[in-house]
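Positions are given from 1, in the same order as the sequence printed here.
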Amino acid sequence: MGRWYSVGSAIMFLVFSLAWTGCGGGNSTPPTSPVPASVTLSPSTQVSLEIGKIQIFTSSTLSSTNTAVTTPISFVSSNTAVVTISASGVACAGSWDSLSNPQLCTPGAEGTAQITASAQGVNSPPTTIYVHQHIASVSIEPVSLSTDPDPSSPEGLAGCTSKGHIREFQAVARTRTGVDISATMGVPTWQLSTATVGTLTTNTTGTVTATGLLPNHAQVTASTPGTSPMFVTVGGTSSVPMNFLTCPVQQITLEADNTPVNSLAFSGTGSKTLTAVVVDTSGTTITGVPLTWSSSRTSSVTVSSGAVSGAHPGGATVIASCLPPTCNIGFQPSLPIYPINPVSVSVTGTSATTTVLVSTTECGTTDDCVTQIVGIDTTANAVSNTFPLTATPNSIVFNPAGTKAFVGTDKSLLSAKGLMTVDLSASPTTITNSNGVAGKVLTVSPDGNHVIVSDTADTVNQVFIFNTADSSNTAMPITGATAAAYSPDNLKLFIAAGNKLYISSTQDAIQTVTLAAPATGVSYLPGGMGAYLVGGDPAGLSFVATCGTQPATVTPITLAGTPLIRALPDGRSIFAVTPPTVELVETILPTPPFALAAGQSGCPAPRGSLPLSFVANDPMNHPETVPVDLGQGAFTPTQLIISEDGAVAYIFIENSPNVLVYDVNNRITTSIQLANNANALQGALTTDGKKLYVAASDGAVHVLDTPTTSDTTQITLPQPLCTSADGTHTYTCRPNLVAIKP
């Protein structure tokens, strides 16, 4: 019928032309339409249409210069028993009552027809219409694992596809009664939501491809480990999403020269290349995985794509992690995987000049008192500059790059004052104020982008997350936060606040964990597996895995009292001061070579299967964990400093002129006594571990030479740390805040 209509139109056009020639005399010529160079039809390629439904087609014509031309267009159906199309381009899956003025589409038969648009003898590429019964549902069903068809293989059992392998799927359409009409439904449209998880290959030709892919089939080549919803749509009906799973990373082992390593040592600015061996949950070793390389102290050790370099004397822990959203994509909760052998890197050499910042908390109780902050050059051991602060400080913490120091203050004074940023990279050094962000600086993120500040002094307790890029801040209603720590890759933030542990993440919703006992401290393992809490359990110490469940699971570890703790750069050990002793707590990770079973998660138990154990005071198997009595009797520790190579611990004791020095490897205790019998208040250690700067009760800053264990220099500050606002009065304030630029 459609074919007759197009032929009839041509005849009528011919009669009209003859009539035009005969009217008005022999000088008159009929109007002509330009001949197009091309005709297009939309929709193009193919359409899936239910019996009795209609589809509107449009067409356009272009000249040889790709400009639009106006010319009559006709539409043709190759199979009018299945599809008829009106003169205006409306197709009916059946028969129209009229082609010139269609009103009623009478359902026809199943089948296919090709629609073509024509103008002046130029035809468009055809569009195939697939006419079918009503599609009640569409589903996705797996066909095979093309590169590993054995369903009993570890990959098949794991229910995932390893990177680089291909999985094939088919779209199945059914009627309300469950009849499979896939053969007549046409070519479906496939979609994989996260393109990085896999590469989708579909058949849009309507015929079997040269590779044997059927029209209703699709193949997905697994790419980045992760999961992504996959949909298929045909005839206006979409399937329930099915998750395509590229086998997630299960395990990472770090190697140097094809051998697993736990440590590296450089002289000067040496370098070494590490390789990450990655195994997925099918047991397949995969390459090209987007891992995140991290150094726990970028001022001493840098790493880029496995290339480890020494920057300055000191040390750091280097890891390669599989982190969402670029690796192990789409899992809820997130599924970060860390190496089973974090690498401790030590760098020796000549120390670079750095800066020590000194201030005091003692101005806050005095009206009209302005606090100074003093910079000390570590080469000359002399004051380099002095600046007045806008408020009395309570803490000083540097960012890891050493470019900025963040100074906290207790009161915002109606948002007129707050966190102070000392920018040492500016010339001259500048101090800016972040109004309203009051509280103690608990930590700075490893990338330096966020500062965590806890306000426990104001009536409404809060935790602020200050953004260093734009000076904005986010307030969290957390009461009584006393400690915080980031994972080494910035993925998670742990905040301890009494009997609550708050876990903030860049990928997951914030978690609130109720603890069995108050937590007063938190230290993240630089290997990334998790963090240790001081408290959290009556045992005294507890461990929370990074890759945890919701709510997070706390593992108690029994210690003798409430300790001060710091993580060691081996990435797995915690040094704890438990007066009158000190002790090590070791996280026992699998020793390479190690392999989990297929399908097992590389997260620590209980969420995953990676075996972790925690050892404290085990004289039989781990004598290094047996507590060592420091010989000081009962004492109150006020500060614990660990050298960057993890070899020495410095312990400050309340009301004592001695700084205890503990050799971690040889388990030997010595001490350094301050000159003038001054009490040590707070200290900071240079990155090379050779100088310890101590603010003391005599008002001086003492420089302790750690190799000789002696107090070599006492720096008298050139002007008082506390003055009146007009500068006419001075106040007696001891230096008790010290921070050193990394």
Side-chain angles (χ1 to χ4, degrees), residues 355-376 382-398 404-424 428-442 451 453-459 461-462 464 466 482 638-639 652 654-655 674 676 678-684 693-702 714-741:
T355 299
V356 177
L357 294 184
V358 180
S359 192
T360 181
T361 64
E362 296 182 352
C363 197
T365 59
T366 305
D367 292 335
D368 192 38
C369 186
V370 176
T371 305
Q372 308 290 321
I373 189 167
V374 175
I376 297 175
V383 172
S384 56
N385 45 30
T386 302
F387 301 96
L389 296 174
T390 57
T392 299
N394 58 23
S395 51
I396 305 174
V397 180
F398 271 95
K404 294 179 180 180
F406 300 96
V407 183
T409 183
D410 281 341
K411 295 284 188 178
S412 66
L413 299 181
L414 301 177
S415 295
K417 297 182 178 181
L419 179 71
M420 295 160 280
T421 301
V422 182
D423 189 348
L424 298 180
T429 299
T430 61
I431 299 178
T432 56
N433 184 265
S434 303
N435 295 343
V437 182
K440 182 179 180 181
V441 179
L442 300 183
V451 183
V453 182
S454 174
D455 181 4
T456 59
D458 285 314
T459 303
N461 282 195
Q462 297 180 89
F464 296 96
F466 175 73
T482 55
T638 58
Q639 188 180 7
F652 287 57
E654 187 176 56
N655 299 321
L674 270 61
N676 304 323
N679 290 335
L681 302 179
Q682 193 180 78
Y693 287 79
V694 179
S697 60
D698 62 356
V701 176
H702 294 238
Q714 300 80 48
I715 303 172
T716 302
L717 302 181
Q719 63 186 48
L721 285 175
C722 299
T723 64
S724 61
D726 59 9
T728 59
H729 302 288
T730 61
Y731 302 94
T732 301
C733 293
R734 301 174 303 171
N736 59 8
L737 288 177
V738 183
I740 196 163
K741 177 182 176 181

* Among V407, V441, T409, whose side-chain contact (heavy atoms from CB on, under 4.5 Å) with L419 holds? -> V441
* **Minimum-distance pair of heavy atoms, taken over all atoms of V358 and P735** =>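 Of all heavy-atom pairs spanning V358 and P735, the closest is CG1-CB, 3.5 Å.
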* Could you please spell out the steps behind the side chain to side chain contact (heavy atoms under 4.5 Å, CB included) verdict for F406 and S395? => CA-CA 8 Å; F406 300 96; S395 51; over 6 Å; no
* To the nearest 0.5 Å, tell me how far T392 OG1 sits from D410 CG. =>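 Reported value, rounded in 0.5 Å steps: 8.5 Å.
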* Asked: For the side chain of N676 and the backbone of A678, is there at least one donor-acceptor N/O pair under 3.5 Å apart?
  ->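 Not at all, since once roles are kept as given, no pair shorter than 3.5 Å links the two residues.
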* Asked: Would V738 and V694 count as a side chain to side chain contact (heavy atoms under 4.5 Å, CB included) if you check the C-alpha gap in whole Å, the side-chain angles of each, and the deciding distance to 0.1 Å?
  -> CA-CA 7 Å; V738 183; V694 179; over 6 Å; no
* Pairwise side-chain contact, T371 with S359, heavy-atom cut-off 4.5 Å (strictly under) ->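 In contact.
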* Sub-3.5 Å donor-acceptor pair from the side chain of E362 to the main-chain atoms of R734, do we have one? -> yes
* G436 and F464: which non-hydrogen atoms are nearest, and at how many Å? ->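 Of all heavy-atom pairs spanning G436 and F464, the closest is O-CZ, 3.5 Å.
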* Spacing of CD1 belonging to I431 relative to NZ belonging to K404, to within rounding of 0.5 Å ->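 Reported to 0.5 Å precision, the distance equals 13.5 Å.
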* **Atom pair NE2/CD1 of H702 and I715 - distance to nearest 0.5 Å** => 9.5 Å
* **Partner residues of V370 under the side chain to side chain contact (heavy atoms under 4.5 Å, CB included) criterion, sequence neighbours left out** =>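 For V370 the side chain to side chain contact (heavy atoms under 4.5 Å, CB included) partners, ignoring immediate neighbours, are Q372, P388, T723, A725.
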* In this structure, which one of N433, N435, T432 forms a side-chain hydrogen bond (donor to acceptor under 3.5 Å, both in side chains) with T390? ->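 The option that passes is N433.
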* Give a yes/no on whether the SG-to-SG distance for C722 versus C733 is below 2.5 Å. => yes
* Asked: So which heavy atom on T360 is nearest to which on N736, and how close?
  ->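 Result for this residue pair: CA-OD1, 3.3 Å.
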* Asked: Minimum heavy-atom separation for G408 to M420, with atom names?
  -> O-CE, 4.2 Å
* Quick check: does any side chain N or O of Q639 sit under 3.5 Å from a backbone N or O of G683, one acting as donor and the other as acceptor? ->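 Such a contact is found between Q639 side chain and G683 backbone.
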* **From CG (L721) to OG1 (T730), nearest 0.5 Å** =>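 Rounded to the nearest 0.5 Å, the CG-OG1 separation comes to 11.0 Å.
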* Which heavy-atom pair separates K440 from N394 by the least distance, and what is that distance? -> CA-OD1, 3.5 Å
* Asked: What distance separates L389 CG from I373 CD1, expressed to the nearest 0.5 Å?
  ->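 Interatomic distance, L389 CG to I373 CD1, rounded to 0.5 Å: 5.0 Å.
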* Asked: Could you state the interatomic distance from CZ (F387) to OG1 (T429), rounded to the nearest 0.5 Å?
  ->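 Between atom CZ of F387 and atom OG1 of T429 there are 4.5 Å.
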* If you take all heavy atoms of F398 and L357, which pair is closest and at what distance? ->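 Scanning both residues, the minimum pair turns out to be CZ-CD1, 3.7 Å.
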